[in-house]
Amino acid sequence: MDKFCGMQLFVSSAELGSFSRAAEHLGKTPSAVAKAIRLLEADLGARLFERTTRRMALTEAGMLYLESAREVLERMRESEEEIAQLHQSLQGTLRISGPLAFGRPFLNAACASFMAQHPGLRLQVDLSDDYVDLLDGRYDLALRLGHSDLPGLIARDIGESRAVLCAAPGYLKSSGVPTHPDQLARFEWLVYRHPALGDGWCLEKDDERHVIRHRGRLSSDNLELLLEACLAGQGILPCPYWSVLPYLHDGRLQVVLGDYHFDQKALGTRLLAVYPSTRRATRKINTFIEHLRDYLLHLGPMG
């Protein structure tokens with residue numbers, strides 16, 4: 001059995017915690033898996049597993065080898081896909097991570113149109129507000145709002161982002177429309193909590209600078225929740241422009257104090273697609289990034 005096949009069996013055994021489960025998963029016999037691991041250990045001159053009658057655990061050498069083996073197998077998978085697609089349509093699986101807030105405003109529809117254009121490609125899209133470590137190999141790329149100087153990652157720009165104040169027409173009809181930041185104190189706010197924001201937003205226009213302190217009946221670190229409240233007429237929401245474009249287009253929300261702009265250096269002014277600097281961008285990654293750029297460009301002005 002060649003080393004490449006042995007490496008596959010080792011990774012599967014380590015991830016599943018059992019030779020028998022790895023054998024079942026890969027269509028091998030448990031004895032074939034055990035033999036392959038012994039050959040790897042002999043070739044490396046080190047034990048990869050500590051095995052007892054009750055459990056199996058990676059040794060220190062095994063943990064080091066697992067990281068390298070995963071990377072080798074992933075590079076081989078990518079190369080095989082790239083070669084197969086030189087003269088064919090995109091194939092395989094593209095694994096994407098992104099924040100919940102990206103879903104309804106643009107990512108849901110962008111993924112649907114991407115799948116229609118590339119029927120041979122499978123998408124795995126996981127949306128969560130939890131930070132995802134791309135270095136563990138679970139995802140091909142992640143979508144983020146932030147800065148391009150991310151350590152260990154290649155960041156590709158997919159669009160510009162700016163923040164706006166918005167509210168439902170019904171709320172503004174009952175509460176009035178502010179014409180100056182000084183008037184905002186008497187309005188109900190929907191507060192987006194984010195570590196980078198501190199205790200307020202800064203609105204600027206020409207030489208004017210106004211710091212708007214957080215206040216309001218509803219605060220959350222989930223933008224989707226706040227958008228629902230804003231649509232229901234519960235107050236004024238400071239939020240990324242891209243997040244409300246569909247609602248601005250259909251008239252369910254409107255921009256307030258549009259001639260002022262936010263200082264959002266802390267959050268970053270770019271929508272980014274990022275992947276580990278240790279990996280190259282495959283054709284499917286590049287194609288998806290270009291698709292997102294085109295989709296956002298046609299959705300509306302981002303800056």
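Being a predicted model, the structure only gives us computed values, none of them experimental.
Side-chain atoms of Lys28 do not come within 3.5 Å of backbone N or O of Ala22 as any donor-acceptor pair. Side chain of Ser113 to backbone of Ala109: a donor-acceptor contact under 3.5 angstrom is found. In this structure, Ser20 contributes its side chain and Pro30 its backbone to no donor-acceptor pair below 3.5 Å.
Atom-to-atom distance recorded for Cys5:SG and Leu26:CG is 8.0 Å, nearest 0.5 angstrom. Here the CG-CE distance, from Leu48 to Met56, works out to 10.5 Å after rounding to the nearest 0.5 Å. The CG atom of Leu226 sits 11.0 Å away from the CG atom of Leu231 when rounded to the nearest 0.5 Å. Here the CG-CZ distance, from Leu165 to Phe187, works out to 10.5 Å after rounding to the nearest 0.5 Å. Here Glu15 contributes atom CD and Leu66 contributes atom CG; the two are 6.5 Å apart, rounded to the nearest 0.5 Å. Taking CG from Leu257 and NE2 from His210, the interatomic distance works out to 9.5 Å, rounded to the nearest 0.5 Å.
Using a 4.5 Å heavy-atom threshold, the side chains of Cys166 and Val256 count as separate. With a 4.5 Å cut-off on side-chain heavy atoms, Val244 and Pro105 do not count as touching. Looking at heavy atoms from C-beta onward, Lys284 lies in side-chain contact with Leu121 at the 4.5 angstrom threshold. For the pair Thr287 and Thr282, the minimum side-chain heavy-atom distance is 4.5 Å or more. In this structure, the side chains of Arg95 and Arg138 stay at 4.5 Å or more apart for every pair of heavy atoms. Between Phe114 and Leu292 there is no side-chain heavy-atom pair separated by less than 4.5 Å. In this structure, Ile236 and Ser175 have side chains that are not in contact, with every pair of non-hydrogen atoms separated by 4.5 Å or more. In this structure the side chain of Gln234 never reaches within 4.5 angstrom of the side chain of Leu218, judged on heavy atoms.
In terms of heavy-atom proximity, Ala167 sits nearest to Tyr171 at CB-CD2, 4.2 Å. In plain terms, the two heavy atoms of Leu184 and Trp189 that are nearest each other are O-NE1, 3.4 Å. Listed here is the closest heavy atom pair of Ala46 and Ala61: CB-CB, 4.0 Å. Residues Leu272 and Asp157 share a closest heavy-atom pair of CD2-CA, 4.1 Å. Gly258 approaches Val255 most closely through the heavy-atom pair CA-CG1, 3.7 Å. Closest approach of Ala32 and Leu9 over heavy atoms only: O-CD1, 4.4 Å.
Atom CD of Gln183 has more than 12 heavy atoms from other residues, nucleotides or ligands within 6.0 Å.
Side-chain polar atoms of Ser12 and Gln8 form no donor-acceptor pair below 3.5 angstrom. With no hydrogens or angles considered, a side-chain donor-acceptor pair links Tyr260 and Glu208 at under 3.5 Å.
When the side chains of ILVMFWY residues are joined at heavy-atom separations under 4.5 Å, either directly or via intervening members, Val33 and Leu16 end up in two distinct hydrophobic clusters. In terms of hydrophobic clustering, with Ile, Leu, Val, Met, Phe, Trp and Tyr side chains grouped at heavy-atom distances under 4.5 Å, Leu127 and Met115 are assigned to a common cluster. In the hydrophobic cluster analysis, where Ile, Leu, Val, Met, Phe, Trp and Tyr join through side-chain heavy atoms closer than 4.5 angstrom, Leu44 is grouped apart from Leu64.
By the 30° and 60° cut-offs, the orientation of the rings of Tyr65 relative to Phe10 is tilted.
Aromatic rings of Tyr275 and Tyr139 (six-membered ring for Trp) have centroids beyond the 6.0 Å cut-off, not under it. Taking the centre of each ring, His118 and His291 stay at or above the 6.0 Å mark.
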What do the steps show when you test Glu41 against Arg38 for salt bridge (Lys or Arg N to Asp or Glu O under 4.0 Å), and what is the final call?
CA-CA 5 Å; Glu41 290 177 328; Arg38 286 197 300 270; over 6 Å; no
Lys205 and Asp259: CA distance, side-chain angles, deciding distance, side-chain contact (heavy atoms from CB on, under 4.5 Å) verdict
CA-CA 7 Å; Lys205 177 184 176 183; Asp259 52 342; 2.9 Å; yes
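Tested against Trp242 for a ring pair (Phe, Tyr, Trp, His ring centres under 6.0 Å), the candidates Tyr295, Phe106, Tyr247 yield a single pass: Phe106.
In this structure, Arg21 does not pair ionically with Glu24, as no charged nitrogen and carboxylate oxygen lie closer than 4.0 Å. A salt bridge links Arg104 with Glu228: at least one charged nitrogen is closer than 4.0 Å to a carboxylate oxygen.
Qualifying side chain to side chain contact (heavy atoms under 4.5 Å, CB included) partners for Ile96, counting only residues two or more places apart in sequence or in other chains: Leu94, Leu123, Val125, Leu141, Leu143, Phe288.
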